[in-house]
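Working notes for the structure below.
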Amino acid sequence: MISLETKLPGLHLKNPVMPASGCFGFGREFSELFDLNQLGAVVIKAATYESRYGNQTPRVAETAAGMLNAIGLQNPGVEAICKEELPYLSRFDIPVIANVAGSTIEEYVAVAKMLDETGLIQALELNISCPNVKEGGIQFGMDPGLAAEVTAQVKKTVDTPVYVKLSPNTADIVQMAKAVETAGADGLSMINTLTGMQIDLPSRKPLLANQTGGLSGPAIKPIAIRMVYEVRQHSGLPIIGMGGISTAEDVLEFLLAGASAVAVGTANIHDPFACMKIIERLPQVLQKYGFQNMEEAIEGGNRHEADLSRS
Amino acid sequence: MISLETKLPGLHLKNPVMPASGCFGFGREFSELFDLNQLGAVVIKAATYESRYGNQTPRVAETAAGMLNAIGLQNPGVEAICKEELPYLSRFDIPVIANVAGSTIEEYVAVAKMLDETGLIQALELNISCPNVKEGGIQFGMDPGLAAEVTAQVKKTVDTPVYVKLSPNTADIVQMAKAVETAGADGLSMINTLTGMQIDLPSRKPLLANQTGGLSGPAIKPIAIRMVYEVRQHSGLPIIGMGGISTAEDVLEFLLAGASAVAVGTANIHDPFACMKIIERLPQVLQKYGFQNMEEAIEGGNRHEADLSRS
Amino acid sequence: MIQTELTVLANNKIAEQTIEMQLGLASDKLVTEAEKFMPGQFLHVKVGEADTPMLRRPISIADMDSDGNITIIFKISGRGTDMLGKQSVGSQIDALLPCGTGYPVEELNLDTALLIGGGIGVPPLYYLGKTLASRGTRVISILGFQKEDQVFYKEKFMNLGETIIVTDDGSLGEKGFVTDYMSKHIAEFDCFFSCGPTPMLRAVTEKLSGRRGYISVEQRMGCGIGACYACVVPSKSETGFKKICKDGPVFAANEVNL
Amino acid sequence: MIQTELTVLANNKIAEQTIEMQLGLASDKLVTEAEKFMPGQFLHVKVGEADTPMLRRPISIADMDSDGNITIIFKISGRGTDMLGKQSVGSQIDALLPCGTGYPVEELNLDTALLIGGGIGVPPLYYLGKTLASRGTRVISILGFQKEDQVFYKEKFMNLGETIIVTDDGSLGEKGFVTDYMSKHIAEFDCFFSCGPTPMLRAVTEKLSGRRGYISVEQRMGCGIGACYACVVPSKSETGFKKICKDGPVFAANEVNL
Ligand SMILES: Cc1cc2nc3c(=O)[nH]c(=O)nc-3n(C[C@H](O)[C@H](O)[C@H](O)COP(=O)(O)OP(=O)(O)OC[C@H]3O[C@@H](n4cnc5c(N)ncnc54)[C@H](O)[C@@H]3O)c2cc1C
Ligand SMILES: Cc1cc2nc3c(=O)[nH]c(=O)nc-3n(C[C@H](O)[C@H](O)[C@H](O)COP(=O)(O)OP(=O)(O)OC[C@H]3O[C@@H](n4cnc5c(N)ncnc54)[C@H](O)[C@@H]3O)c2cc1C
Ligand SMILES: Cc1cc2nc3c(=O)[nH]c(=O)nc-3n(C[C@H](O)[C@H](O)[C@H](O)COP(=O)(O)O)c2cc1C
Ligand SMILES: Cc1cc2nc3c(=O)[nH]c(=O)nc-3n(C[C@H](O)[C@H](O)[C@H](O)COP(=O)(O)O)c2cc1C
Ligand code: FES
Ligand code: FES
């Protein structure tokens, strides 16, 4: 049996598959369906300092091989998360990654600090890329200077490894990656959703109450793969890859592109057992394509820097 | 019977549906399948000054509800196009829009001038957004200053109305639109493809010879709709909307988002009769949603500037 | 909650664009589970292949028989319901079930219940009415449809008790809206139950404000299990939202803001 | 070229993961058209619904009967061919046809033809061989497969003339590659015809360089009608590319660079 073990800063994973932030709540609902211990890790819904109610409804729309969401960072606030959600998750033997959002650098720092101090999380994921709230961090995700600043400030404050979650809504993802790498990030999560919209024909206006929403699902996988591949050429940081993963083959594609682990988002929403199915099939898929373990797959991408200059 | 007529600078269209550049060649193959006179207009494959051979193969890959292409601007050069293709197309009673690409501002200007001087085209479309060749214009499409400069230079040289085709690979599409508007563009075409990649699992490397390719098809429609909507709020230029259109409902969605006409790309590739089918059904769809003519649909989007600030 | 393949046992068109479908559970073990399914709960159904279409569709339980077979009634209103309606007898349908919190029939001891349904809000009220009637409650139903072609289950509701059919154009039964015909029974019921489009629910709860009642709320959903926060409705008591797919779709009438 | 719905008349598994499918044209008018279909031409087939999967699949004409029915033979190698293989008798398949330029059989007057095929390159050679044989040409076939399980149409080719089956592992016929068995007939043929994976075509054309021959080239396609420039192959004579879907898939062996 092929071992799926993989290691990233702060994270010793039984397997490289974790649910993506926001698509798994705080794990409670899924724990009624299967044993969370089978996951590589859990990434929880974004935490902000105060509780947030999120956007008006409708909050989701269906698109071709994808969906739009504009949840708007609804969450009970970091204090409640530290008190109620993290202790619940700590009963499972899997790393917990806490997703952090904020409107100001101070908010990011304060939230990260509180999460860090619980001792119940193994990594932080800075969500500088939520497209669904004006003050939800995307301005940090579009400006390399701000991204570096928030990363540096959080790093100064916490001991837990910090992953920065990059936004694909940028002309130059490599520049963003390098900025947060220099600022001390321990790893990258990529990609968050692309900003999109759907017009409701009967009402003649945007279907989502928030007008725009984040596009996720298989539709965006080629963009995610390209970004992971590009960043891998120019940054040494380990990458948690995501964007449209719904099969074990997709996981391997991300590993070959340059990711060291992956997160599954939208697939959980149409199939709550998606992570389980992927984890079950992954060893066969690795074997089929000639890999004995995760390391080989991670190192296995035929990436040629020279080639890239052609593109 | 609902009239589908619509007018844009230089273009008096029987209906708002035209094939998108690069997905229809120079019309010859399609003219064997149906009467091109039924189209709103024809947009021809990008012209460069010299002939170009394009990229190595494979040049296309299939993705979820989309495809990647890296043709690389293969074309016989502007001279051959002016001599052989435009005279052929002039036998049809439809406007011809010539797509122009180049590596330098001088090349754009020279190509535009030659096309303009034939008197056989009704509009130029500046392709400052081809992601598939290093020197294919995308640098112009990512830098508002360069985009404005190439627009201004071409405008100075030609009489034909100039549409600038915007790239979605940017963090701020509105800024790009405003830059070319100020520089004198008569209209906008949007969007071109998003840069993507697919990894071929057996060979462990990018499937396309060019590594990256442009993502098109229904997968990208939500991004295109969002960009058209955003630009419509901030620019008075007429927009030829495109990105994933495959049904008459999609056309109406683009009109409500703010487009005045549309182009159909990838749909032609899987169904050569796509434009015909869309044009045939469009009157029914307009009627179903309560529109008597194109103008009502174009003006019909419930767009509220105030609302947008929320997003 | 479980994820399972249901077998299509029957597929009948019972009104314009309206399908009644009977679905069978795969195993006896599930049938035992099914006895606990409550009126107001729903199935979250996946049609098509893999990611096409992407999202599941919520469809209410309209009836259950003693073999644990589930009846759903749905209107063909888009791509997903169109594909669902084309499933032939014998084919398999992937569903999460039972989803959400239903009507608290076990806790209620009612003399008279008033059911007020509109369009595709009518189906869950049938299973509710049947359950209430079997517990000895007198059931009065006011059911609204656009026009005659769209009316279904008229006889079935009449078997449960007094039933008023209302159509927008008066092509069958009374003409107008359900809210126009509530006054007649206003004094009789202990508790009302309403399901239908949001504007109807708003009108009903307004007219019956102060009365004990339950409403079933619709919203576009993602996961259907309470994890993605897509399907919320503002709560009246606390500041914040309730999740329709988990805390609802049934709420006490004074619990949420429509 | 036309776009039409073809009716599946037969669907048989003839080797491991390999399907032989007979397709009928809808009208007599099309049947008349079909008489002009040339060996080497292909169908560009759309499977699935709307945009899933997105692109058409090119599949060669493997045979035609006098009623204008088309035989295709394909290997299940991915999503599209898998869906195609599941089409039951009676179902309809959307195809563009005939695509491309076939072998110039009408212009050739050959005594002896050597056909060299590999794997899924074998099907078009059958229709070619049959056509050549019917015109009085002696047909010698060398057909390569991975292993015994994958061999198909052995008897059919033997009916056309001498046939050498080669498998990578020698599990049926000769062991090795088709190129190992060409020398025996090297003096006998006027013209060779080869279709198969690019490495095989490369080896064949190298070994037979200077000899008159035709090869059929594969490439990932978009439109299949010559409009999108996806499917090119470098031309030997001019600097530039030929379109496989329009100028090919059949090229003179010295016309293109593999
Ligand atoms: C708890 C609950 C119970 C329901 N029970 C029934 C029932 O018993 N019978 C019935 O006919 N309908 C019922 N509906 C409505 C039903 O879910 C929608 O009609 C259906 O989802 C439309 O899908 P579509 O593919 O036909 O439409 P599309 O327009 O193609 O759907 C696109 C997306 O929007 C969603 N959507 C569209 N309309 C609605 C709607 N009215 N409510 C929720 N989501 C919507 C779809 O689920 C899908 O995600 C119920 C809805 C909810 C929330
Ligand atoms: C002119 C021509 C004639 C052909 N004739 C036959 C035939 O008679 N029998 C047969 O079994 N196969 C034939 N092929 C190969 C056949 O087209 C592919 O096996 C098929 O497209 C694979 O599709 P898929 O959905 O199974 O694979 P997937 O991997 O899911 O396909 C993904 C994409 O890649 C393309 N693709 C994958 N492999 C190939 C390939 N080898 N050649 C071209 N495109 C490919 C697909 O068309 C699709 O666009 C022919 C190819 C060409 C170009
Ligand atoms: C409903 C929904 C809610 C999400 N919420 C969050 C969030 O709170 N924080 C975050 O960083 N990303 C959030 N995301 C983005 C996902 O974590 C992921 O980056 C993205 O969806 C791409 O992956 P996918 O295509 O597998 O869904 C959300 C996505 C969805 C669909
Ligand atoms: C095969 C292919 C070739 C293309 N070539 C060009 C081109 O030469 N010039 C250009 O401006 N856009 C080109 N495009 C982009 C399309 O014109 C269009 O902007 C894009 O594909 C989005 O529309 P769609 O989703 O309908 O395809 C090409 C697209 C495809 C798929
Ligand atoms: S649909 Fe996901 S929380 Fe209700
Ligand atoms: S596939 Fe489009 S030109 Fe050949």
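In what follows, every heavy atom counts, from backbone to side chain, and hydrogens, waters and symmetry copies are set aside. Values in this document were obtained by computation on a predicted structure and should not be read as measured data. In what follows, every chain begins at residue 1, and chains take the letters A, B, ... in the order their sequences are listed.
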Would you mind telling me which of Gln198(B), Met197(B), Arg204(B) makes a side-chain contact (heavy atoms from CB on, under 4.5 Å) with Glu253(A)? Gln198(B)
Please check if any side-chain donor atom of Gln211(B) sits under 3.5 Å from a side-chain acceptor atom of Arg226(A), or the reverse. no
Note: Asp200(A)-Lys205(A) ion pair, threshold 4.0 Å (strictly below): no
Of all of Leu201(B), Thr170(B), Thr63(B), which one pairs up most often with chain A through heavy atoms under 4.5 Å apart? Leu201(B)
Heavy-atom contact with chain A under 4.5 Å, split by part of Leu252(B): both
Partner chain B: residue of Ala224(A), Gly244(A), Ala219(A) with the largest heavy-atom pair count (under 4.5 Å): Ala219(A)
Structural part of Ile223(A) lying under 4.5 Å from a heavy atom of chain B: both
Between the side chains of Thr266(B) and Ser216(B), is a donor N or O closer than 3.5 angstrom to an acceptor N or O? yes
